[in-house]
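Quick notes on the structure that follows.
Any value given below was found using the heavy atoms of this structure, including those in side chains, with hydrogens, waters and symmetry copies removed.
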Amino acid sequence: MTSAAPALDPGTPPVRAPHVGLVILALAVGGFAIGTTEFASMSMLPLFAQGLGIDAPTAGHAISAYALGVVVGAPIITVLGARMPRRRLLLLLMAMFTVFNGLTGLSPNYHWMLVFRFLAGLPHGAYFGVAALVASSLVPANRRTRAVGQMFLGLTVATIAGVPLASWLGQAVGWRWSFALVALLGIATMSAVFAFAPNTPADANASPMRELSALKRSQVWITLGIGAIGFGGMFAVYTYLADILLSVTHMPLSTVPWIMGVFGIGMTLGNMVIPVFADRALMRTAGALLVWAIVVLAIFPFTAGNVWTLGITVFFIGLGGALGTVLQTRLMDVAGDAQALAAALNHSAFNTANALGPFLGGLAIANGYGWTSPGWVGSGLALGGLLLWAVSVAVERNSEAQEAAQAC
């Protein structure tokens, strides 16, 4: 395997679009729709279980089915759509998302729901990957991470507004209507993308084999590993936050949405501010975020006893969510000509973290280490991500040294 130099020439002119802000807003609406269905599904598990006549652990398989769809769909759809113009591919992906979320709301039983949740997850990673490429292509190279971060604001804002709205709708009129809301958001995204996204032709040199060439690059795999392991800590805490509030902080159930909202505010502010630093020093920013995660996740068990200190720590944990945006840009840098696949795989790594963190956190709880033990687990996972980050930096410096020696 070989490492890769940045694929984007800093002198590359941005793609012309009459309204860059409106294009990024259109892409962000899609992120809002995806974030709403992904995170709200977790809060509506009791409603699924009751409506479909199953127990809560069985209903939880619907979450796993969606995550599996993301992991599978991101590489396959991106490779198959390599020769398709990006706007057309975005419209196709959001059409799939809209249809299968709508069908989820019409599921006659649990088994059909599993099928539709898997199918709804297929376009998730590919959409974000292609949307990140479109957003970054609209601005000069030194503002790429900020553009990607602005596109991701749709996903983070969903944790503040979309999830509470979908949860309220599910409780008020039934969980099926929450998926109807998501389908409407999908239609709104398609309309906005069609109206504002630039209709640029497909790359004449694009091909499935060129996209697959990303898998030959060691830096792509290392970066994916940083995300899959380093991000797991955030999910380890987020998944068990409601139980911690009830069992450790001894707060009523009504406080859960507020604390979840604090987490979402942290993620949103992180994606607004941190990309500014990443555009100046991408890998240093990634390393700093991993160190930040190690510290705040390790502190979390000591702050969980008081709702105010817990809320502050949860906000700080949310700030670290900007790592996803930073790694998205990093993947586009190290993927050579195969940027679409690498960008989409970021969300496969993200969902791997979504499975790994809660699994290890659950093991710690089950083995008697207490409800706050996912904080320690998460700190360890962030440390693992930092070690991989160090490997990535070392490999890159060694490659640069070899190139300099050959030049002499």
Side-chain angles (χ1 to χ4, degrees), residues 30-49 51-52 54-78 92-129 131 152 154-156 158-159 162-163 165-167 169-170 175-186 189 227-228 231-232 234-236 238-239 260 324 344-359 362:
F32 183 84
I34 292 174
T36 297
T37 193
E38 182 176 25
F39 289 101
S41 295
M42 300 177 190
S43 67
M44 291 192 294
L45 281 182
L47 302 179
F48 298 162
L52 298 173
I54 53 178
D55 57 32
T58 302
H61 295 162
I63 307 299
S64 302
Y66 183 89
L68 180 61
V70 177
V71 173
V72 172
I76 293 176
I77 295 177
T78 303
L92 175 62
L93 291 167
M94 194 47 59
M96 292 173 59
F97 175 84
T98 300
V99 169
F100 292 128
N101 272 283
L103 289 174
T104 298
L106 299 174
S107 300
N109 54 52
Y110 162 71
H111 298 290
W112 274 110
M113 185 181 188
L114 282 184
V115 172
F116 292 139
R117 292 317 290 152
F118 172 79
L119 294 174
L122 290 176
H124 175 132
Y127 175 86
F128 275 121
F152 272 124
L155 177 64
T156 61
T159 63
V163 172
L165 176 60
S167 299
L169 190 64
W175 63 267
R176 297 179 186 272
W177 287 98
S178 297
F179 290 102
L181 170 65
V182 171
L184 288 175
L185 290 171
T189 303
F231 237 136
M234 185 184 76
F235 286 111
Y238 184 87
T239 301
M260 295 295 191
L345 284 173
N346 188 40
H347 298 276
S348 293
F350 188 83
N351 276 270
T352 300
N354 195 5
L356 180 64
F359 173 72

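Between L106 atom CG and M113 atom CE the span is 11.5 Å, to the nearest 0.5 Å. The distance from the CG atom of L155 to the CD1 atom of I34 is 8.0 Å, given to the nearest 0.5 Å. Atom CG of L114 sits about 10.5 Å away from atom CG of L68, to the nearest 0.5 Å. In this structure, CH2 on W112 lies 9.0 Å from OG on S107, to the nearest 0.5 angstrom.
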Working note: F152 + H347, criterion ring pair (Phe, Tyr, Trp, His ring centres under 6.0 Å); need CA distance, chi angles, decisive distance, verdict.
CA-CA 12 Å; F152 272 124; H347 298 276; 5.6 Å; yes
side-chain contact (heavy atoms from CB on, under 4.5 Å) evaluation trace for F97 with T37
CA-CA 10 Å; F97 175 84; T37 193; 3.7 Å; yes
side-chain contact (heavy atoms from CB on, under 4.5 Å) assessment of T159 paired with M260
CA-CA 7 Å; T159 63; M260 295 295 191; over 6 Å; no
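Between W175 and T104, the shortest heavy-atom contact is CZ3-O, 3.7 Å. Smallest separation of non-hydrogen atoms from P75 and L345: CB-CD2, 3.9 Å. When every heavy atom of G227 is checked against every heavy atom of A353, the shortest pair comes out as O-CB, 3.7 Å. Scanning all heavy atoms of the two residues, the minimum distance from A33 to L185 falls at CB-CB, 3.6 Å. For the residue pair V71 and S348, the shortest heavy atom distance occurs at O-OG, 3.3 Å. The nearest pair of heavy atoms linking Y110 to L52 is CA-CD1, 4.0 Å.
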Which pairs would a plain distance check flag for residues 120-128, meaning a side-chain donor or acceptor within less than 3.5 Å of a matching protein atom at least two apart in sequence or in another chain?
unit_1, atom_1, unit_2, atom_2, d
H124, ND1, Y66, OH, 2.9
Y127, OH, L27, O, 2.8

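Residues R176 and L169 form no side-chain contact, since every pair of their non-hydrogen atoms from C-beta on lies 4.5 Å or further apart.
Residues passing the ring pair (Phe, Tyr, Trp, His ring centres under 6.0 Å) test with F350 are F231, F235, sequence neighbours excluded.
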